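One structure below.
The basis for the numbers below is simple: all heavy atoms, side chains too, and nothing from hydrogens, waters or symmetry mates. For this chain, numbers begin at 1 and follow the sequence in order. Predicted model, so just to flag it, every value in this text is computed and none were measured.
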Amino acid sequence: MSLDLTATPTALPTAAADLSRLLPGRTLDPVLAGLLLSADAGGVTLAATDRERGVRLHTAAVTHTDGQVLVPARPLAETLAALDSPDVRLVVEGSRLAVRTPSARFALPLLAAEDHPGVPAPPAVAGSVRGADLHAAVLPVASAATRADALPVFTGVRLRAKGGRLVAVATDRYRMAAADLPWVSADDGLDVLIPATLFTEVAKQARGADRVSIHADEDRAALAWGSSTVTTSVLVSGLPEEDKLFPSTIDCSLTLDGAALAGAVRRVAPYAGPRGTVTLETGDGELRVRGSDPQAGEAEETVKAGVHGNRVSRGYQAKYLLETLRWFGEHEVRVDIQPGIRGTMFSHVTPPGAVRLRYLVVPLRQP
């Protein structure tokens with residue numbers, strides 16, 4: 001085995017750290033816990049897999065000797081992250097991969113590269129989106145997915161081609177988030193469920209990419225940008241159709257400043273009581289935010305709003321309201337309240353072609 005390259009102190013450590021976030025170490029197999037380094041005149045490619053996921057990232061490097069080696073992934077990433085040097089050299093020395101700087105040397109054992117299964121090629125491309133649009137859509141949608149592995153169908157983000165747009169949906173049964181964004185389609189039949197935690201990390205890393213291509217077949221999905229590719233097994237889809245849950249009958253609609261409402265909920269939340277309940281009550285040209293706790297006391301704050309429809313009062317868990325409103329920032333928010341305990345939808349009006357976000361929050365039953 002041979003390999004000899006020199007890289008900057010930022011490019012290679014960043015790539016190793018990015019790969020570690022996309023593919024957390026969770027296997028006892030030393031080969032699958034390894035990182036495959038492949039160097040040639042074009043730079044260096046980092047690849048790893050746990051058989052369910054596969055990651056391939058490319059970064060710049062000056063290659064002195066082409067080659068491919070397999071080394072323990074976590075120790076290499078931690079070593080590179082801790083370096084403070086103008087450059088770093090990776091070179092095979094006997095049965096070790098030496099990580100050298102002008103003042104230090106670290107040596108990692110070489111693993112059996114021939115035993116590594118490699119990272120399979122992605123499925124056929126289904127279409128592509130702008131990296132910034134994917135980031136704007138996936139982060140708020142993925143936040144509505146559950147973290148409980150016992151309910152795997154609710155840990156994913158559903159991607160579906162619909163009417164010339166790409167729709168992303170996630171739910172934990174108590175809230176549902178959906179965003180639709182423009183995309184260039186190669187397959188109008190796209191419908192896959194991708195793990196939300198992985199999708200979130202991909203969206204962060206691909207944020208600056210001009211285009212992110214989405215690939216899928218019955219068993220796998222992949223996202224690719226630049227020289228980077230992430231492949232994953234898909235989850236078994238069973239999420240409800242979002243259009244059936246978003247409002248069809250509305251008791252009351254409001255338009256108000258999202259930041260003002262979030263601030264009011266945040267200040268009232270300490271008085272939300274043991275259930276964490278914050279009540280939203282509409283009035284003439286305003287929305288009252290209330291909280292009451294026999295021990296902490298009570299709080300009320302009003303926010304100016306355009307109110308259309310019946311006067312209503314609904315209770316919500318404060319944490320869900322705050323999680324929802326954080327994604328709307330300083331934008332004007334539309335709030336559509338349905339009758340009874342059917343979900344309340346938060347959305348904002350966007351210009352044609354922009355990412356559109358809708359968030360459904362289920363109110364609490366009144367005691």
- [ ] Report the distance from atom CE of M176 to atom CG of D172, rounding to the nearest 0.5 Å.
- [x] 9.5 Å
- [ ] Output yes when a side-chain donor or acceptor of R211 lies under 3.5 Å from a complementary backbone atom of S128, and no otherwise.
- [x] yes
TODO: Check whether any side-chain heavy atom of V55 sits under 4.5 Å from a side-chain heavy atom of V119, and report yes or no.
DONE: no
TODO: Any chance you could measure R290, atom CZ, to T277, atom OG1, to the nearest 0.5 Å?
DONE: 14.5 Å
TODO: Would you please test R51 and D29 for salt bridge (charged side-chain N to carboxylate O under 4.0 Å, His left out) and show each step?
DONE: CA-CA 11 Å; R51 298 193 188 279; D29 186 336; 5.2 Å; no
- [ ] Output every pair passing salt bridge (Lys or Arg N to Asp or Glu O under 4.0 Å) with a member in residues 110-127, not counting sequence neighbours, ordered by first then second residue.
- [x] none
- [ ] Let me see the working for R288 and E286 under salt bridge (charged side-chain N to carboxylate O under 4.0 Å, His left out), right down to the final yes or no.
- [x] CA-CA 7 Å; R288 288 184 290 273; E286 66 181 20; 2.8 Å; yes
Open item on the list: I want to check something: taking the side chain as every heavy atom from C-beta on, are V88 and T6 in contact at a cut-off of under 4.5 Å?
Closed with: no
TODO: Kindly indicate whether the side chain of T49, heavy atoms from C-beta on, has any atom under 4.5 Å from the side chain of P117.
DONE: yes
Task: W183 and L190, any side-chain heavy atoms less than 4.5 Å apart - done: yes
Open item on the list: Can you tell me how far apart CG (L198) and CD (E201) are? Round to the nearest 0.5 Å.
Closed with: 8.5 Å
Open item on the list: Is any side-chain heavy atom of L83 closer than 4.5 Å to one of L80?
Closed with: yes
Task: Heavy-atom check, side chain of T200 versus side chain of L139, under 4.5 Å - done: yes
Open item on the list: Could you check whether any side-chain N or O of T171 sits under 3.5 Å from a backbone N or O of R173, counting only pairs where one atom can act as donor and the other as acceptor?
Closed with: yes
TODO: Find out whether L90 and V69 are in side-chain contact, i.e. whether some heavy atom of one side chain is under 4.5 Å from a heavy atom of the other.
DONE: no
Open item on the list: Using 0.5 Å steps for rounding, measure from the CZ atom of R56 to the CG atom of L22.
Closed with: 13.5 Å
Task: Interatomic distance, L287 atom CG to S313 atom OG [nearest 0.5 angstrom] - done: 9.5 Å
TODO: Verify, without hydrogens or angle tests, whether R311 (side chain) and E281 (backbone) share a donor-acceptor contact under 3.5 angstrom.
DONE: no
Task: Contact check, side chains of T232 and F199, non-hydrogen atoms, under 4.5 Å - done: no
Task: Atom NZ of K162 with >12 non-hydrogen neighbours under 6.0 angstrom - done: yes
TODO: Say whether, by atom type as modelled, one donor and one acceptor occur between the side chain of R358 and the main chain of D180 under 3.5 angstrom.
DONE: no
Open item on the list: Closer than 3.5 angstrom, by distance alone: can the side chain of R147 be matched with the main-chain N or O of A145 as a donor-acceptor pair?
Closed with: yes
Open item on the list: Tell me which one of I250, L360, V335 satisfies side-chain contact (heavy atoms from CB on, under 4.5 Å) with M345.
Closed with: L360
